[in-house]
Amino acid sequence: MSVNGLDFSIAIGGAAGQGIATPGNILARMFGRRGLHLYAYNAYQSIIRGGHILLTLRVRDQEVLSHGDAIDLLLCLNQDTMDRHLGILGPGSRVLYNSDKVEPGEPPDGVVLCPMPVAELAGDSKNKLIQNTISLGVMMSLMGVDFSVLEEALELLFKRKGDAVVEENVTKARGGYDHAAANFEPFSVPLPEGPKPLAMWTGNSALAMGGAAAGVKFYAAYPMSPSTGVLHWMAQHAHELGIMVRQVEDEIGVALMTIGAAHTGCRAMCATSGGGFALMTEAIGAAAMMEIPAVFITVMRAGPSTGVPTKTEQGDLWQVLGASQGDFERFIVAPKNALDAYNTVAELFNLADRAQCPGIIISDLLISEGTYSVDPDVIEIQPEIDRGDLLLDPSPNGNYLRYADTESGISPRVPPGIEGFVHVVATDEHDQDGVIISDEFTHPHKRRRSVEKRARKFQGVAADCPPPTLEGPEDAEVTLVGWGSTYGVIREAIEILAEQGLVANQFAIKWIVPFHAEVVEEVLSSAKRVLIVENTHSGQFARYLRSETGFSAHGHIRKYDGEPFAPHHVVEGVLDLLKKSEAAVHVPYQEIIV
Amino acid sequence: MSVNGLDFSIAIGGAAGQGIATPGNILARMFGRRGLHLYAYNAYQSIIRGGHILLTLRVRDQEVLSHGDAIDLLLCLNQDTMDRHLGILGPGSRVLYNSDKVEPGEPPDGVVLCPMPVAELAGDSKNKLIQNTISLGVMMSLMGVDFSVLEEALELLFKRKGDAVVEENVTKARGGYDHAAANFEPFSVPLPEGPKPLAMWTGNSALAMGGAAAGVKFYAAYPMSPSTGVLHWMAQHAHELGIMVRQVEDEIGVALMTIGAAHTGCRAMCATSGGGFALMTEAIGAAAMMEIPAVFITVMRAGPSTGVPTKTEQGDLWQVLGASQGDFERFIVAPKNALDAYNTVAELFNLADRAQCPGIIISDLLISEGTYSVDPDVIEIQPEIDRGDLLLDPSPNGNYLRYADTESGISPRVPPGIEGFVHVVATDEHDQDGVIISDEFTHPHKRRRSVEKRARKFQGVAADCPPPTLEGPEDAEVTLVGWGSTYGVIREAIEILAEQGLVANQFAIKWIVPFHAEVVEEVLSSAKRVLIVENTHSGQFARYLRSETGFSAHGHIRKYDGEPFAPHHVVEGVLDLLKKSEAAVHVPYQEIIV
Amino acid sequence: MSTAESTAEMIGLELVRAPESPKEFKGKVAPDWCVGCGDFGVLNALQRALFELGLKPHEILCVSGIGCSSNLPGYLNAYGMHTLHGRSLPVATGAKLGNHKLNVIATGGDGDGYGIGGNHLMHTARRNIDITYLVMNNQIYGLTTGQISPTSRPGMKTKSTPEGNLEYPINPITSAIMNGATYVARGYSADPKHLTELIKKAIEHKGFSLIDVFSPCVTFNLDNDFAFFKPRIRKLEDEGHDPTDWKAACEKAMAWGDEIYIGLFHENDRPSLDSLEMVLDEGTPLARRPLGLSKEQGEKLISRMM
Amino acid sequence: MSTAESTAEMIGLELVRAPESPKEFKGKVAPDWCVGCGDFGVLNALQRALFELGLKPHEILCVSGIGCSSNLPGYLNAYGMHTLHGRSLPVATGAKLGNHKLNVIATGGDGDGYGIGGNHLMHTARRNIDITYLVMNNQIYGLTTGQISPTSRPGMKTKSTPEGNLEYPINPITSAIMNGATYVARGYSADPKHLTELIKKAIEHKGFSLIDVFSPCVTFNLDNDFAFFKPRIRKLEDEGHDPTDWKAACEKAMAWGDEIYIGLFHENDRPSLDSLEMVLDEGTPLARRPLGLSKEQGEKLISRMM
Ligand SMILES: Cc1ncc(C[n+]2csc(CCOP(=O)(O)OP(=O)(O)O)c2C)c(N)n1
Ligand SMILES: Cc1ncc(C[n+]2csc(CCOP(=O)(O)OP(=O)(O)O)c2C)c(N)n1
Ligand code: SF4
Ligand code: SF4
Ligand SMILES: [Mg+2]
Ligand SMILES: [Mg+2]
């Protein structure tokens, strides 16, 4: 626990099937109840049993911006975890392990080994996962947390399974607690308490709940990591909240059902990941041509193709930019964390409804599967809802034109089911009345008018998207540019650089389309040294930034090994690039073999 | 017929179902046999009967670079054609029409009306399309071509239908010929003859034949305009050339069958258009990840979505660039005309085989459905074939690694069926032996190595792609930049500008990936005024050019009304933009209401 | 069958009158199909069926894919969506679930529905959503000027199979029965009265109904034209077929020689998905419900996060 | 069944010997399936079948999609392709046509084959390509941690259907029969001997063969585990079932109560697509033929353009 307030990381390592999630959840809720901020990152594999998982929970008394650089307390559920991680621990850290089964290696200086005689502490328990419960007891003791806190949590968790199970767990946890008190030196500062309890959510549940708050009534999906959490949340809450949730035969069907529901006037949404998004692209162009608003979420994982399904990357930017043939209108936005994701959904629905076009949210594994603490009071349960020119109660009008060529380009929209406004929408190019001009009426001037009408309506609405802002000191030596999920780790790297005497600021891009090219160009061209931080090999974002502005960055920090940036990766990248010529690329080395 | 050698355009207008193709074909072959160069553009609608079609055949005594600016001889098969086009004809042009049915309007100065009393000339013929035959006779007479030429062509065309049909057609054609000789003034210069007969092909047949010459043994497709011509050519020649041709249930299946066949060692190819390509994108990423070479052709039409299926546009560039999730290796190339398309196929297969990755050809309706004359002697029937490190006869080797991390990044490839080299390819990230690392073996350093290996192999091979070159005077006032099908019209516009005293040159981009950023930047940054000519609304190419080089053009000439650029559109655009501020966009007005 | 929620009613206006003739179901433009195309008969039968059911144009949503046949919504005076090739069914499903008071009719061709769209058909059938699907089966790809479709006869010569089709055609009737469609019929474009009745019953049927209609392409399929069908067509009704007997239904559907059957092959009353979905129990279409969360709902959600 | 062209033969090397035990068909890595997963039984049966047929690893190409079951090619000592979710069949088709001497086996799960890949199955069946398709049907999406699949039972509670599945499951056996598959069988992972025989016959069958295998997911589908199947499984062979009788086959395939049948439901000898394709008549696989055009071919093509 650092001197500058609390900064404490617990890591739990083991194989899939060893039940890491349960102690992880208990700890996270415990921290939240205590009013401590948390971010948890789970490094895992695409496998149901076996492999290696490392769950890192980082707790602070202020917002946690990344999973951090260090581990203070490592729980090794198997030998593999010990072998992989012992060597990179720092002084003062504690390593817990089952001394009956796991051989510790030679610990680095100052690393404290805490062997647990699990067989003895487990006694006659037949529960294969009792090691986790015992370890929780040990951890509570080391952190100086009163046992009653754990007792309460275990009661809550196991009460469905009956008193005997509760009792067994509480007893064994206490055994661990007492064993630790008797044998291990606790951390010097006990775990503090924050001012008020915090809630916990993942990026995916924030996206789903953001949809519910924005008024989504139809949600469709085909399961695909790392987006499946949105489906699970929606399915879990469907009946309670009156949301129709459908698992469809494939992502093509998902996208088109979403569009069908949206056309009737529902707010409709769906989520997927890269391969599924590839299958949705044709539909997105269709929605744009028919002028139907709907929200499509894609959650990036490491590619190409099936790639590394449980690892993070920002490599789908150009896929989203290039989704579907032809020029068409759509919003593209990349939130930076769970709370931002929550807020973005309603914001995007409002824009999409107003401009009558699709909206795409790009998230990534890091945001979507990360667990974040959140102050419950900042969650806007009833965000503003603006449906634009959607007319559900139009006055009778014999001359309704679905695609009226208005000055703004926005044609008031009447959904099917309303008397007197019958119309046909089409993916073929069409005239104001919806009649297709690709057939006998092909007419270059009508075609040109239609293209310009759609472009105009979008520009008008897009002007209301907030431009990016420079965060931090204006006259910084270095300006770090990122997009989406790198926001937090960059902010933290800037704090560390500041401690080292280097002044840096951040220019984080959230809106991909519209891009605010003028603002971006102005800010960046007056920055001293611009470095782009992104989780890709080819620099997709750097190239997109240049396509919109002509601006070439002075250096690049890139990572594409599946693991996210830790703050020190960015810090080292900045320091390295300051020594290098323009346009150099720094690729940090991933120390932890997850 | 222009003074600077021959430049003569015939247009035939009517409704779908009026049989415009037949006289078009007869004329084209007649011109070819005569050794005259031709380019024909057919403006039509997505409809089987009705609508308006205008087929323009332009003939010159040198390469025809575009469909041109003027019509010398207009054949109106219906009133509609007369109404739409009479007003834009220039002095000296002739207008043919059935005076029984079509009312001529007031012709502009110098336009010569040539009424044909079709009922009288048809006599007792019951053939509904006899008007076309009669018109052919009239046209031959006007052009000063001996009747025997037409007679021979009609015999060839109708001989399958029996002597009576041949005789009827020849008789009625002669009626037209004699009627014209008696009533109309022929063009002042009779149609000349060129040095040697020329062949005729469309862009689609050039692509298909290019595939056959490159060694394609497997071709799959799902019909989609304007790419279907490739399928039709392949199906027609399948048995003769020993090519397996399959029509598949959808484009997803098309792409994956192509990949399956390619993996066994076949050269395999497929073609589609925008919406079908959207469905293929996931497979293209898969081919790249498995390192399987195959060629995917996409033929652009006006979008977005179903759009205007029979109209041209260059709006799918970003879709191709963004095809599939993640960073991966693939070639992207845009040929500039039919002959270039033919040559590109083998060139691309060689590169794809060497780099073991997919290759994508972007064509458009203009190239693919355009009819071009070609000197038969320049068609390289046996282009060079380089299969790279494909080992069909490997020597026994117990330690074969499909994805060996070699210095070049190229891993020698053994297809299934060969003893002793058994391996499994995967779309999941994998190690050198093909074992997937997304499962229990996830390992950031292996992952990084795999990404870098694939990137390295591509860079090595890509270095052999020819960079673009500047065509025309180096110190030009204006440099026109285009890609793909605009090549010809830009060249012609430059000739016209030269006549008007303005020196311009062209920098035409054929290779989209690799892009040759350094060469492009060098050439363009030393150009005086760079204008980009493209068939899109949003300037997709201009933005891509900037993403790769940072270079912002000084002005843009864009068209997105479905009709292609004519030379005067580009000329006017240049003259207009010379008067305007930087980055202005000129959108030419489409005069002909097709 | 159901009635769309009436805004007019809500705002106290006089109700839009029901059409007085099938002609009122004519769309904004006249069909541009080839003269003699089978699709005219299907359009007419559909217009008549809608009229005879007393439906009003705004109560109907007609969703199609891409193809000659898929141009139909543009020729019908009803709400319409002319979507993507092969994708009418998921769009129609989404629309039906979004506003389950609409009468949703999907239309398209054999390539659209059985080729590229085949998977949606299989899954829509098993889901048994209450929509009616009319397939204008001409055994060819018409709009793309004549290539084989999944129902083209073996040996058929087309532009993509100049030496003859080598593929065995699918049988949409037996497939749909096996995949759980609850109303499976076959119509014939040249018998519009019979077809009208099939369409009426299909719209009234609560569940997924497929009507495969022989709708000859007179331009590109000269093997299966009206002359081919005329002497062969037999009606199941005339044979006393029992639509609950799936074996007999499959057997009759497989007949493809001197006798080819039209009529209702199979029907059953398995509940439709929309009737099973508790979210719709409330009655108001989803598309007309208030948006967002109540304060109580929000608080409950947040309390679970703590 | 066919033998891959032998490079060794061509280059005069001694032939690679045939494996001496099914163990030689073990792949580079051990399966990472959950302990008790049904897929182990399928892998074992496949390895035994390949061994008993006397095949050599290089004569086999095993193509899968994505899913727990689709990891199979990685565990088999044979050429393999681990492709995209739902896409094993088109890849397998292309590979078979590219080199028709290969024994092509496609493997995957129920989600992969009947969900997202359903359309390919229908069309591959009717094309009757000579490949063998093994579906490890666990009635759940395993790899994505437990959502309904198209074969999940109605009412089943999963992560995507916490209130119970509302969709009617498809029956892969009856669908495949109706779509023209020429060998349609069902196996059970816990009866590897029976399954081995089915696989052997399927590989020997010239045409498309589907074997749907009950292969329980012991982690996410506790409704249809070994305990569910054990008392219910009956063998068609014990009932004297006639695989040429499609009606009996469908009836038996529909049984889903105290008795559930495994075995060969249907077989017929319609010629396979690869045997009908004149382009393959020459014999040499396409992938091994000389590339490009002869001078004569080229001249003929050009002469037609003039
Ligand atoms: C993704 C995609 N692939 C291909 C096409 C081209 N296409 C348009 S209609 C059609 C087939 C038409 O056949 P069918 O559905 O039977 O309708 P018909 O014209 O015969 O009525 C095809 C292949 C397309 N529009 N979209
Ligand atoms: C296009 C696409 N969509 C979704 C996924 C995610 N995904 C991987 S496996 C799978 C389903 C697995 O179920 P099944 O095919 O039955 O195989 P099992 O794991 O049960 O053996 C899904 C949905 C994917 N990889 N690609
Ligand atoms: S091409 Fe065939 S299906 Fe299309 S409109 Fe003409 S007759 Fe009808
Ligand atoms: S999750 Fe199910 S299907 Fe996957 S390996 Fe485990 S038991 Fe098998
Ligand atoms: Mg059809
Ligand atoms: Mg499964």
Side-chain angles (χ1 to χ4, degrees), chain A residues 45-47 50-51 274-275 277-279 281-282 285-286 288-289 302-309 311 313 315-316 318-319 321-328 427-429 438-440 442-445 447-448 451 455 536-538 540 543-544 546-548 550 552 560-563 590 593-594, chain B residues 45-47 50-51 274-275 277-279 281-282 285-286 288-289 303-311 313 315-316 318-319 321-328 427-429 438-440 442-445 447-448 451 455 536-538 540 543-544 546-548 550 552 560-563 590 593-594:
Chain A
Q45 281 84 44
S46 181
I47 192 183
F277 189 80
L279 295 171
T281 57
E282 193 195 10
M289 190 58 149
S305 201
T306 310
V308 204
K311 297 290 160 188
E313 204 164 88
D316 299 358
W318 278 62
Q319 161 160 278
L321 289 166
S324 201
Q325 70 273 21
D327 280 326
F328 62 87
T427 62
D428 282 79
E429 186 60 278
S438 53
D439 256 24
E440 42 190 327
T442 305
H443 188 308
H445 301 161
R447 156 73 178 170
R448 180 170 168 181
V451 171
T536 68
H537 175 264
S538 73
Q540 293 195 6
R543 290 167 55 234
Y544 177 58
R546 194 159 58 186
S547 83
E548 303 311 296
S552 295
Y560 42 87
D561 55 22
E563 293 302 317
Q590 176 67 37
I593 311 304
V594 278
Chain B
Q45 283 83 42
S46 180
I47 194 183
F277 189 80
L279 294 171
T281 57
E282 194 196 7
M289 190 57 148
S305 201
T306 310
V308 203
T310 61
K311 297 292 160 184
E313 202 164 271
D316 299 357
W318 278 63
Q319 161 161 278
L321 289 167
S324 201
Q325 70 273 18
D327 280 325
F328 62 88
T427 61
D428 282 77
E429 186 59 279
S438 53
D439 256 24
E440 42 192 327
T442 307
H443 188 311
H445 301 160
R447 157 71 178 171
R448 180 169 166 180
V451 171
T536 68
H537 175 264
S538 72
Q540 294 195 7
R543 291 169 55 233
Y544 177 59
R546 195 160 57 184
S547 83
E548 303 311 296
S552 296
Y560 41 87
D561 56 21
E563 293 302 319
Q590 176 67 36
I593 310 303
V594 279

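Being a predicted model, the structure only gives us computed values, none of them experimental.
Between B:W318 and A:W318, the ring-plane angle classifies as parallel under the 30° and 60° cut-offs.
Proximity to chain A (any heavy atom under 4.5 Å) is shown, for B:E282, by both the backbone and the side chain.
A side-chain contact (heavy atoms from CB on, under 4.5 Å) with A:Q590 is found for exactly one of B:H445, B:H443, B:R447, namely B:H445.
Put simply, the side chain of B:H537 never gets that close to the backbone of A:G326: no donor and acceptor are under 3.5 Å apart. Remark: the backbone N or O of B:E548 is not paired with any side-chain donor or acceptor of A:R543 at under 3.5 angstrom. Using modelled atom types, no side-chain atom of A:R448 and backbone atom of B:Y560 make a donor-acceptor pair closer than 3.5 Å.
Interface check for chain A: of the options B:V308, B:T281, B:T536, B:D428, the most heavy-atom pairs under 4.5 Å are formed by B:D428. The candidate with the highest count of non-hydrogen atom pairs below 4.5 Å against chain A, out of B:G562, B:S538, B:G307, B:A286, is B:G307. Contact tally against chain A (heavy-atom pairs below 4.5 Å) for B:P304, B:A278, B:A288: the top residue is B:P304. For the options B:S324, B:G303, B:S547, B:S438, heavy-atom pairs under 4.5 Å to chain A are most numerous at B:S547.
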Q) What's the verdict on side chain to side chain contact (heavy atoms under 4.5 Å, CB included) for B:M289 and A:T306, showing C-alpha distance, side-chain angles and the deciding distance? A) CA-CA 9 Å; B:M289 190 57 148; A:T306 310; over 6 Å; no

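Rounded to the nearest 0.5 Å, atoms CG (A:L321) and CD (B:Q540) are 11.0 Å apart.
Contact record, A:Q319 with B:Q325: OE1-N, 3.0 Å, taken as the closest heavy-atom pair.
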